[in-house]
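Indexing begins at 1, ligand by ligand and atom by atom, following the structure's order. Numbers for residues simply follow the sequence, beginning at 1.
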Amino acid sequence: MKVSVTTLPLHDLDVDLLILPVGLGEAITRAAQIGGVIGTSLSRALQDFDGNPGDTVLIYPEASRSKRVGLIGLGDRGRLDAEALRLAAADGVKLSATTKASTVALCVPDSPMDAESMGQALVEGFLLASYEYSRYKNDESKMRARTERLVLHASADEKSARRGAERGRVVAEATITARDLVNMSPHEKTPTMLGRHVERFGRKYGYDVSLWDKSDIEKEKMGGLLAVNRGSCEPPVFIEMTWRPEKASNIRPVVLVGKGIVFDTGGLSLKPTRNSMDHMKADMAGAAAVIGAMEVLARLEVPLYVIGFIPATDNRPGQNAYVPGDVLQMHSGKTVEVLNTDAEGRLILADALSYATLYRPELVIDLATLTGAQVVALGSQVAAVMTPEDTGAEERLAAVQAAATRSGDWVHPLPMHAHYGKALESDVADIKNIGNREAGTITAGKFLEHFVDYPWVHIDLAGPAFLKKALPYRPKGGTGFGVRLLTEFLRAYAYPKKR
Ligand code: BES
Ligand code: MN
Ligand code: ZN
């Protein structure tokens, strides 16, 4: 979709659909303000419109340049925020789809919010809500009508609105990169193919990519990644992405780690098919979020030195598959007793996290579809966030939570108190790879904690990464969760004074 910004008078906009977001109780004044043919027909339509979120009304003014005008409720304008605007934009997409509008103008409302944030939220919401995954669809007629062009109408502070619109477009497109990867058929994203996709993105957007093959991974002694890969016909790949701009404000990198299980059968501890294994092409959603974040960093030229690591393999039963009872020697040298081959994510992440210690990172954030327990605890709209309860933990957590609220990629903290770690004590090795029935998301985090020696944040996005039911601007399937969270977090980290 093409996105542009205009300051032309509303009456001069020549589009299939003009969308006006309007706050609660302000429709009458807004109609008077607009005046002309649009204003007149608006004031007549107002009997059917209050301005509550979700309210929409469609009018067809006579002799207006825009073929249709859609009103969209914004709710209480005193409480307007980015999420309300993304939701309003998603309502606009619904109107665009029902009217098959190929050109759409969307007005930035009058509000105390700054034009840049409004522009970003509106464009982001519109692009994300317009998303449909079509790679494998033959019949175009079964797809939604596509909007070709979105024009953001800014009445004041055009420059800021333009900056916001541009950022919203980049962030939405990178989120869509992540969604596409999650939705892709597993046979097209084997570890090797995933690596090739990332190489292509790196070339296109301007970050560096290097791929390690199995022999490199063996040399590095990544015992966790190699063990999970043993049942597979496809070799593992370790993907390294680097964004190191000259004007980076940090010397030591921020490292992002994404779980890259391209398909999780559970291995010999096989998953049942329905409502379990049938979603497991999404087990690389953490990796997809990191790939999307690297895209944003490079496209927005964020002045921060960031490295992304993705340990990639599938997890399958096979003649050589690792078995419950196997004791692994991990990259760090620690030994792990495997008691369930379906707790594979923590094994590949542990190796990536301990490899990251070599970089003396300022901060490491890992994202992983790690536990079913996360979905039970927090559902499919909120990810779990954990950080060791050490110095700086509060600040770190507050920054992640603030970024989550701003971005709409919500998180909620879970504790990492020492006693949870007891569940991982092994009879034969340093630790085992599963706990007991209690607090499964936390014990997975405690497992990973054994492999870090730097400030670290763990995000378990098992629920929000992949939806069974669509949300307003998140479709069924891959959501790209994490891209916007990381973007907000890393931008605030790079430009601390601006916030
Ligand atoms: N990939 C799954 C976690 C998952 C479950 C993601 C549901 C998305 C939706 C992970 O590898 C897994 O199988 N975890 C096990 C761990 C258990 C064996 C300790 C789980 O949560 O059941
Ligand atoms: Mn698993
Ligand atoms: Zn998994």
*Go through the steps for Glu425 and Lys422 under the test salt bridge (charged side-chain N to carboxylate O under 4.0 Å, His left out), then give the verdict.*
CA-CA 6 Å; Glu425 284 170 7; Lys422 291 222 170 81; 6.0 Å; no
*Identify the closest protein heavy atom to atom 1 (N) of ligand 1: which residue and atom is it, and at what distance?*
Asp283 OD1, 2.8 Å
*Between the main-chain N or O of Met184 and the side-chain N or O of Lys189, is there a donor-acceptor pair closer than 3.5 Å?*
yes
*Atom indices of ligand 1, in the order listed, that fall short of 4.0 Å to a heavy atom of Lys271*: 2 (C), 12 (C), 13 (O)
*Please state which part of Asn340 comes within less than 4.0 Å of ligand 1, counting heavy atoms only: side chain, backbone, both or neither.*
side chain
*Mind checking whether Tyr359 and Tyr305 have ring centres under 6.0 Å apart?*
no
*Nearest-contact summary for atom 10 (C) of ligand 1 - protein heavy atom, Å*: Leu370 O, 3.3 Å
*Under 4.0 angstrom from ligand 1, any heavy atom of Glu344?*
yes
*Going by distance only, is there an N or O of Thr371 that falls short of 3.5 Å from an N or O of ligand 1?*
no
*asked:* At less than 4.0 angstrom from any non-hydrogen atom of Ala462, what atoms of ligand 1 do you find?
replied: 6 (C), 8 (C)
*Assess Met280 for proximity to ligand 1: is some non-hydrogen atom of it under 4.0 Å away?*
yes
*asked:* What protein N/O/S atoms are there under 2.8 Å from the Mn ion (ligand 2), waters excluded?
replied: Asp264 OD2, Asp342 O, Asp342 OD1, Glu344 OE1
*Derivation of the side-chain hydrogen bond (donor to acceptor under 3.5 Å, both in side chains) call for Glu362 and Tyr493*: CA-CA 11 Å; Glu362 224 169 70; Tyr493 193 93; 2.5 Å; yes
*For Lys259, counting its heavy atoms only, list the atoms of ligand 1 lying under 4.0 Å from any of them.*
1 (N), 10 (C), 11 (O)
_Please classify the Arg346 to ligand 1 contact at 4.0 Å (heavy-atom distances, strictly less than): side chain, backbone, both or neither._
side chain
*Derivation and outcome, side-chain hydrogen bond (donor to acceptor under 3.5 Å, both in side chains), residues Glu188 and Tyr136*: CA-CA 12 Å; Glu188 294 197 279; Tyr136 307 117; 2.5 Å; yes
*asked:* Using a 4.0 Å cutoff against the non-hydrogen atoms of Ile434, which atoms of ligand 1 qualify?
replied: 19 (C)
_Ser269 and Asn340: side chain donor to acceptor below 3.5 Å_ = yes
*Could you list which atoms of ligand 1 come closer than 4.0 Å to a heavy atom of Asp264?*
1 (N), 2 (C), 10 (C), 11 (O), 13 (O)
*Met294/Tyr205 under side-chain contact (heavy atoms from CB on, under 4.5 Å): CA gap, chis, key distance, verdict*: CA-CA 9 Å; Met294 296 304 295; Tyr205 300 120; over 6 Å; no
*asked:* Please classify the Met284 to ligand 1 contact at 4.0 Å (heavy-atom distances, strictly less than): side chain, backbone, both or neither.
replied: neither
*Please confirm whether Gly372 comes within less than 3.5 Å of ligand 1 when only nitrogen or oxygen atoms on both sides are compared.*
yes
*Residues Thr335 and Asp430: side-chain donor-acceptor under 3.5 angstrom*: yes
*If the plane angle is over 60° it's perpendicular, under 30° parallel, otherwise tilted; pick one for Tyr355 and Phe238.*
perpendicular
*asked:* With a 4.0 Å cut-off on N to O distance, would you call Lys271 and Asp342 a salt bridge?
replied: yes
*Under 3.5 Å, is there a donor-acceptor pair linking the side chains of Ser407 and Glu488?*
no
*For ligand 1, does Ile261 get within less than 4.0 Å through its side chain, its backbone, both, or neither, judged by non-hydrogen atoms?*
neither
*Side chains of His417 and Glu389: do they bring a donor and an acceptor to under 3.5 Å?*
no
*Run the salt-bridge test on Arg167 and Glu116 with the 4.0 Å N-O cut-off and return the result as yes or no.*
yes
_the Zn ion (ligand 3): angle it makes with OD2 (Asp283) and OD2 (Asp264), nearest 10 degrees_ = 90°
_Nearest N/O/S atom of Glu344 with respect to the Zn ion (ligand 3), by atom name, please._
OE2
*Look at the N, O or S atoms of Lys259, main chain and side chain alike, and state whether any lies under 2.8 Å from the Zn ion (ligand 3).*
yes
*From the options Asp283, Asp264, Asp460, select the one residue that forms a side-chain hydrogen bond (donor to acceptor under 3.5 Å, both in side chains) with Lys259.*
Asp283
